[in-house]
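Every heavy atom of this structure was used, including side-chain atoms; hydrogens, water molecules and symmetry mates were not.
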Amino acid sequence: MKGKRKWLVLFCTVMVLGTGMTASALGSVKIRLDQGSKSNWTEEIQIPAVTVNYSEESPKWSKPIEEWEPGEKVTGTLRLPGSYSETDCTVYGGSLVSVKVDSGETVIKVSYTPGAKLGKTEEAGWGDAARTKAVWRKVPFASGYQVMLYHADGTWVKSLTTSSVSIDLLPHMEGKNRYYYTVKAISMSSSEEEYLAEGTSVTSGNSILQDQDDRFGTWEEDGKRKKYRMGDGSWVTGRWQMIRGEWYCFDEEGYASVGWHNSDGKWYYLREDGRMMTGWQQIKGKWYYLKEDGSMSIGWIQKQPGEWYYFYEDGSMASDTKVEGTYRINSAGLWIQ
């Protein structure tokens, strides 16, 4: 009897120790979804490195990785041997969704918000002949942009933010100084900053702020060509000038340009009286489309939803033909979809 009692005590002790070891072996679950430092993010979606108690794991995601977008939550499912409860689980870099024990395993679901670095605009230019309106290409997922205006020598002038893809810099420009600006995509709200890193700055070309609309000068003819004397008595030479609401371009000798004119790599068309043209223009039997800033359109242009036109490298509109070997264009210049 004495031996039997001793054996029972030993058995109970082992059971208690065994239970304690099992609980200790399971312990807590630390799940980390690490997408690295924001300063090192790239323009690609940040795919997190997932570890459970420092052991690398591969969750089953609710959406294919190639379909992820910054700021849109996805859910990852992990299956761990053993039984755990919500109080056992801690998630870093995401949120705990649910914990469920199933057939000796624990199914843990976590949510994750993909992050990415905003891209950089493909172009930073000027939207008008006077080069005072900054314009750039939209950056995917960007809600805002930071614009920094500088003098040509690099002296900072003004910092501005906007949700648009253009901004008027004229109020911050003076005289005939030369300027340039930089623009980068940014987040406009603190919530976006959690999953979006600001983009890389793009630098514009230089701008020479020219005198704006002159209404007090006079035109003078020199043979068949025209010159313009400003209200202060000076001649306009080697630049664009707005005169009574219309844009004109003058060569280095002060004559108003006519016909096609190339300015900083863009083509403009000026009538016989020197006035810059915009919109649809038929020139020598061919159709052209000149943008609001007067520059000639090249490539595909959508004038209205669903109405596409194609313009060759010389700016002339394609009609009654096939372009790029695929797209059929009718006699009116419209792509037949």
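In the model, Asn53 has no side-chain atom that pairs as donor or acceptor with a side-chain atom of Ser55 under 3.5 Å. Donor-acceptor pairing under 3.5 Å is lacking for the side chains of Ser164 and Thr162. For the residue pair Lys117 and Thr200, a side-chain donor N or O sits within less than 3.5 Å of a side-chain acceptor on the partner.
Looking only at distances, no side-chain donor or acceptor of Asp102 sits under 3.5 Å from a matching main-chain atom of Glu105.
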Run the numbers on Met276 and Thr278 for side chain to side chain contact (heavy atoms under 4.5 Å, CB included), then give the verdict.
CA-CA 7 Å; Met276 184 189 77; Thr278 61; 4.1 Å; yes
Let me see the working for Val157 and His151 under side chain to side chain contact (heavy atoms under 4.5 Å, CB included), right down to the final yes or no.
CA-CA 7 Å; Val157 178; His151 284 296; 3.5 Å; yes
Does the side chain to side chain contact (heavy atoms under 4.5 Å, CB included) test come out yes or no for Ile243 and Trp219, once each step is laid out?
CA-CA 10 Å; Ile243 301 171; Trp219 285 100; 3.7 Å; yes
Check against side chain to side chain contact (heavy atoms under 4.5 Å, CB included), Thr237 and Tyr228:
CA-CA 9 Å; Thr237 60; Tyr228 188 79; over 6 Å; no
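With side-chain heavy atoms closer than 4.5 Å counting as contact, directly or through intermediates, the hydrophobic cluster containing Tyr150 also holds Met148, Trp156, Tyr180. Here Ile298 sits in one hydrophobic cluster together with Trp260, Trp267, Tyr269, Met277, Ile283, Tyr288, Leu290, Met296; the rule is ILVMFWY side chains under 4.5 Å apart, joined directly or through other members. The other members of the hydrophobic cluster of Tyr309, by chain and number, are Trp280, Trp287, Tyr289, Ile301, Phe311, Met317, Leu334 (side-chain heavy atoms under 4.5 Å, ILVMFWY only).
A continuous path of Ile, Leu, Val, Met, Phe, Trp and Tyr side chains, each step under 4.5 Å between heavy atoms, connects Leu169 with Val165, placing both in one hydrophobic cluster. Following chains of ILVMFWY side-chain contacts shorter than 4.5 Å, one cannot reach Leu96 starting from Val107, and the two form parts of different hydrophobic clusters. Linking ILVMFWY side-chain heavy atoms closer than 4.5 Å, directly or via other members, places Val139 and Val147 in a single hydrophobic cluster. Cluster annotation: Ile186 and Leu196 are assigned to distinct hydrophobic clusters (Ile/Leu/Val/Met/Phe/Trp/Tyr, side-chain heavy-atom contacts under 4.5 Å, transitive). Val135 is not connected to Leu149 by any chain of hydrophobic side-chain contacts under 4.5 Å among Ile, Leu, Val, Met, Phe, Trp and Tyr, and they are in different clusters.
In this view, Tyr195 satisfies the ring-ring contact (aromatic ring centres under 6.0 Å, His included) rule with no residue, not counting sequence neighbours. Checked against salt bridge (Lys or Arg N to Asp or Glu O under 4.0 Å), Lys226 has no partners two or more places apart in sequence or in another chain. Legend: residues meeting ring-ring contact (aromatic ring centres under 6.0 Å, His included) with Trp235, ordered by chain and number and at least two apart, are absent. Legend: residues meeting ring-ring contact (aromatic ring centres under 6.0 Å, His included) with Tyr310, ordered by chain and number and at least two apart, are Trp300, Tyr312. Qualifying salt bridge (Lys or Arg N to Asp or Glu O under 4.0 Å) partners for Asp273, counting only residues two or more places apart in sequence or in other chains: Arg271. Applying the ring-ring contact (aromatic ring centres under 6.0 Å, His included) criterion to Trp68, with sequence neighbours excluded, gives Trp61, Tyr112.
Between Asn40 and Lys38, the closest side-chain pair of non-hydrogen atoms is not below 4.5 Å. Side-chain contact check for Val110 versus Thr75: every heavy-atom pair is 4.5 Å or farther apart. At least one side-chain heavy atom of Lys291 sits less than 4.5 Å from a side-chain heavy atom of Ser297. Between Asp320 and Ile329, the closest side-chain pair of non-hydrogen atoms is not below 4.5 Å. Considering only heavy atoms from C-beta on, Ser111 stays 4.5 Å or farther from Val74 through its side chain. Side-chain contact between Lys63 and Glu72 is present, with at least one heavy-atom pair separated by less than 4.5 Å.
Pairs engaging residues 90-99 under the side-chain hydrogen bond (donor to acceptor under 3.5 Å, both in side chains) rule: none recorded [sequence neighbours left out]. Applying the side-chain hydrogen bond (donor to acceptor under 3.5 Å, both in side chains) test to pairs two or more places apart or on separate chains, none has a residue in residues 325-337.
Pairing each heavy atom of Lys184 with each of Gly199, the nearest pair is CD-O, 3.7 Å.
Between the CZ atom in Phe216 and the CG atom in Asp232 there is a gap of 11.5 Å [rounded to 0.5 Å]. A distance of 3.5 Å separates OG in Ser143 from CD in Glu192, rounded to the nearest 0.5 Å.
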What donor-acceptor contacts under 3.5 angstrom involve side-chain atoms of residues 42-52, with partners at least two apart or in another chain?
unit_1 : atom_1 : unit_2 : atom_2 : d
Thr42  : OG1    : Glu44  : N      : 3.2
Thr42  : OG1    : Gln46  : NE2    : 3.4
Gln46  : NE2    : Thr42  : O      : 3.4
Gln46  : NE2    : Glu44  : O      : 3.0

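No salt bridge links Lys227 with Glu220; every basic N to acidic carboxylate O contact stays at or beyond 4.0 Å. For Asp88 and Lys30, the salt-bridge test fails: no basic side-chain N is under 4.0 Å from an acidic carboxylate O.
With Trp240 as the partner, the ring pair (Phe, Tyr, Trp, His ring centres under 6.0 Å) test is satisfied by one option alone out of Tyr268, Phe250, Tyr248: Tyr268.
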